[in-house]
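Following: one structure in structure tokens, then a few remarks.
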Amino acid sequence: MNDLLARLRSAVGDDHVLTAPDDVAAHVVDWTGTHRGRALAVVRPGATAEVAEVVRACAETRTPLVPQGGNTGLVGGGVPDGSGTAVVLSLGRMRTVRDVDPVAGTITVDAGVVLADVQAAAAAADRLFPMSLGSEGSCTIGGNLATNAGGTAVLRYGMTRELVLGLEVVLPDGRVWDGLRGLRKDNTGYDLTQLFVGSEGTLGVITGAVLRLFPATPRHATAWVAVPSVATAVSLLGTAQEHSGVHLSTFEIANRQAVDLVLAHLPGAVDPLAAPSEWYVLLELAGSASDDGLDATLEALLGEAVEAGTASDAAVAGSPAQRSALWSLREGISEVQKVEGATLKHDVTLPIADLARWTDAMGPVLQEVLPGVRPVTYGHVGDGNLHYNLNAPVGRDDDLRAAAGDLTTAIHDAVAAAHGSISAEHGLGRSKAAAAAAYKSDVEVDLMRAVKRALDPHDLMNPGVLLTAP
Ligand code: FAD
Ligand code: MLT
Ligand code: ZN
């Protein structure tokens, strides 16, 4: 072990191999606080060649390695297990924006660049990098790629895998694959870039990426809409699509329980509507500087929705400050749920046509498992993706913990029965690896294991994450 630490120090410099408990602490517990592990060391390389040397040293000594970006993942994939045998490889020092090409519509970045910094670099070139997550001030592009992150702009621009053109990856044996090509067209065999997207650090360490840029959208029309039910939210989605076409960029849902938590715990949060509603939709249209009809389109579609009964009321943002206040009602939910106490997260996708039936049926089932449990339901309804999270009955966190397995099984079984997915955008990590294997066919699991064994025959890259066994 001492030999390995010495080799790591010589690869990245003494200051960047952390072993003191205080230095390591933040790297071994996940954002939710449910996954707490131990690490042999946390290593912070500053360049791709250093990553390669770290990976080689770990491969030669058969030391497990956990790649880590901003450590904002929600499924425990970026932290080690409790054995204390793994090295955490943190990409946080690799923060260079290598190139921006506004005409080709590409930006080339180190994997450790924080998402908000990619957005800012794109904006500085009068372009848009559309991915947007509540964690964008801390999560990294490497983590976004490794989890195939979604967020609030998927409806218009797609998941992370639709935003990437090429990657640079350090393979489990320490070789570097330079696939940093910004080509829109490249049919020269298996798509290796896409193989690494969503692989959650189990196939290699992403060190660089070429991402797609889009025309800037400086104009916005934003509304917080009260809707009576999930069914009417889905009808409103149809109306919004008909009226606004390509301009519809966000269509998010939240139940009253979620909004109540934001109003109770987020400083400055205010309910923009006079009367409470069971459900809300955050709806946004975005356009270029010359798209000056967005406000009128929004007014027209809201008017039609109110007349049809698919919306009962709406607040329209009249200024950037009002826009950000409406957004905070949605984006604040994850944070305030933690403040409220024990939480059980579920990140599910359902066919959009089935969302209302599924949600209506789920409530009573959960009340039977744990009377008083509080569904805090929100998410990206335009993508069929609900964060079907649960808070404990008031003051009974231990009861939620005790019933967690039964509650999750009830939800996942119902998702499987509706041909949905038990992980829409957060990945599998340590939390859902076993469940995913149970719901997938043997053929699918065999194929995934074959890919894993081919690239990482000694199961050193993030063992226990995504697949429970190699
Ligand atoms: P980490 O948490 O550090 O790691 C996540 C996974 O990626 C781990 O398996 C890790 O091993 C692997 N990994 C990290 N970097 C690399 C690399 N360079 N090479 C190989 N593997 C790597 N997610 C969504 O999809 N949509 C949302 O709307 C959303 N909202 C969120 C809001 C909040 C408040 C929070 C806390 C999280 C949210 N997330 C969301 C989850 C999270 O932010 C994303 O999963 C994000 O992509 C993780 O990035 P990260 O850099 O923090 O990765
Ligand atoms: C979000 O969309 O806010 C996150 O993905 C959900 C979560 O925190 O569960
Ligand atoms: Zn989400």
Side-chain angles (χ1 to χ4, degrees), residues 26-27 30-33 35 45 48 51 55 65-80 86 88-92 94 109-115 131-154 159-160 167-172 196-209 250 252-254 258 262 282 327 330-338 343-349 376-381 383 385-390 423-431 433 461-466:
H27 295 273
D30 77 329
W31 186 86
T32 66
H35 294 272
T48 300
V51 175
V55 174
L65 216 146
V66 178
Q68 188 178 84
N71 198 13
T72 67
L74 297 172
V75 287
V79 291
V88 173
L89 192 155
S90 167
L91 279 292
M94 293 183 53
V109 296
D110 281 356
V113 178
V114 167
L115 173 55
M131 193 195 304
S132 177
L133 314 179
S135 54
E136 63 199 22
S138 339
C139 65
T140 62
I141 283 299
N144 301 150
L145 288 156
T147 58
N148 185 28
T152 53
V154 171
M159 303 279 283
T160 307
L167 290 181
E168 177 187 83
V169 180
V170 175
L171 302 175
F196 290 102
V197 177
S199 64
E200 299 186 53
T202 63
L203 300 180
V205 182
I206 298 167
T207 50
T250 293
E252 299 280 309
I253 198 168
V262 176
L282 175 70
W327 268 91
R330 162 62 184 92
E331 297 245 278
I333 302 172
S334 300
E335 285 285 350
V336 298
Q337 249 209 304
K338 279 212 299 194
T343 297
L344 197 54
K345 280 185 176 290
H346 304 96
D347 167 35
V348 305
T349 333
V376 176
T377 309
Y378 58 101
H380 320 285
V381 73
D383 315 322
N385 177 189
L386 291 180
H387 297 306
Y388 199 78
N389 296 347
L390 305 176
S423 180
E425 57 172 9
H426 295 162
L428 299 178
R430 296 183 186 282
S431 308
M461 296 298 310
N462 228 356
V465 166
L466 196 145

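Ligands are counted one by one from 1 in listed order, and the atoms in each one are counted from 1 as well. Here, residue 1 is the first one in the sequence, and each next residue gets the next number. Side chains are part of it too, since the values below use all heavy atoms of this structure and drop only hydrogens, waters and symmetry mates.
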Determine whether T343 and K338 make a side-chain contact, defined as any pair of heavy atoms from C-beta on separated by less than 4.5 Å. no
Please classify the K345 to ligand 2 contact at 4.0 Å (heavy-atom distances, strictly less than): side chain, backbone, both or neither. side chain
Looking at H387, which of its N, O or S atoms is the nearest one to the Zn ion (ligand 3)? NE2
What's the shortest distance from atom 4 (C) of ligand 2 to any protein heavy atom, and which residue and atom give it? H387 NE2, 3.6 Å
Part of H426 within contact of ligand 2 (heavy atoms, under 4.0 Å): side chain
If you scan protein heavy atoms around atom 8 (O) of ligand 2, the nearest is S334 OG, 2.5 Å
Quick one, T32 and L74 - any side-chain contact, counting heavy atoms below 4.5 Å? yes
Minimum heavy-atom separation for P45 and L89, please, with both atom names. CG-CD2, 3.9 Å
Heavy atoms only: give me the nearest S431-G76 pair and the separation to one decimal. OG-N, 4.2 Å
For ligand 1, would you mind listing the residues that have at least one heavy atom less than 4.0 Å away, ordered by chain and number? W31, P67, Q68, G69, G70, N71, T72, G73, L74, G77, G78, L91, A111, L133, G134, S135, C139, T140, G142, G143, N144, A146, T147, A149, G150, G151, E200, G201, G204, V205, I206, S334, H380, E425, H426, N462
Looking only at non-hydrogen atoms, find the nearest pair between T140 and G70 and report the distance. CG2-N, 3.6 Å
The atom of E425 among N, O or S that is nearest the Zn ion (ligand 3) is OE2
Hey, is there an N, O or S on H426 sitting under 2.8 Å from the Zn ion (ligand 3)? no
Kindly determine whether L167 and L145 satisfy side-chain contact (heavy atoms from CB on, under 4.5 Å), including the steps that lead there. CA-CA 10 Å; L167 290 181; L145 288 156; 3.7 Å; yes
Below 4.0 angstrom from a heavy atom of N389, which ligand 2 atoms are there? Numbered from 1 as shown, please. 9 (O)
Region of L74 that comes within reach of ligand 2 [heavy atoms, distance under 4.0 Å]: side chain
Using heavy atoms and a threshold below 4.0 Å, how should the contact between I333 and ligand 2 be classified: side chain, backbone, both, or neither? neither
Kindly give the heavy-atom pair with the smallest separation between T160 and N148, and that separation in Å. N-OD1, 3.3 Å
For the student: nearest non-hydrogen atoms of A86 and V66, plus distance: CB-CG2, 4.1 Å
Tell me whether R330 reaches ligand 2 (any heavy atom closer than 4.0 angstrom to a ligand atom). yes
Is it true that a side-chain atom of E252 and a backbone atom of R330 form a donor plus acceptor pair closer than 3.5 Å? no
For the Zn ion (ligand 3), decide whether D347 has an N, O or S atom at a distance under 2.8 Å. no
Min heavy-atom dist H380 to ligand 2 below 4.0 Å: yes
What heavy-atom pair brings C139 and N144 nearest, and what distance separates the two atoms? SG-ND2, 3.4 Å
Contact between H27 and P80 at the side-chain level, heavy atoms closer than 4.5 Å - yes or no? no
Hey, is Q337 one of the residues with a heavy atom under 4.0 angstrom from ligand 2? no
Would a distance-only check, ignoring hydrogens and angles, find a side-chain to backbone donor-acceptor pair under 3.5 Å from N385 to V348? yes
Do H426 and E200 have side-chain atoms, one donor and one acceptor, less than 3.5 Å apart? no
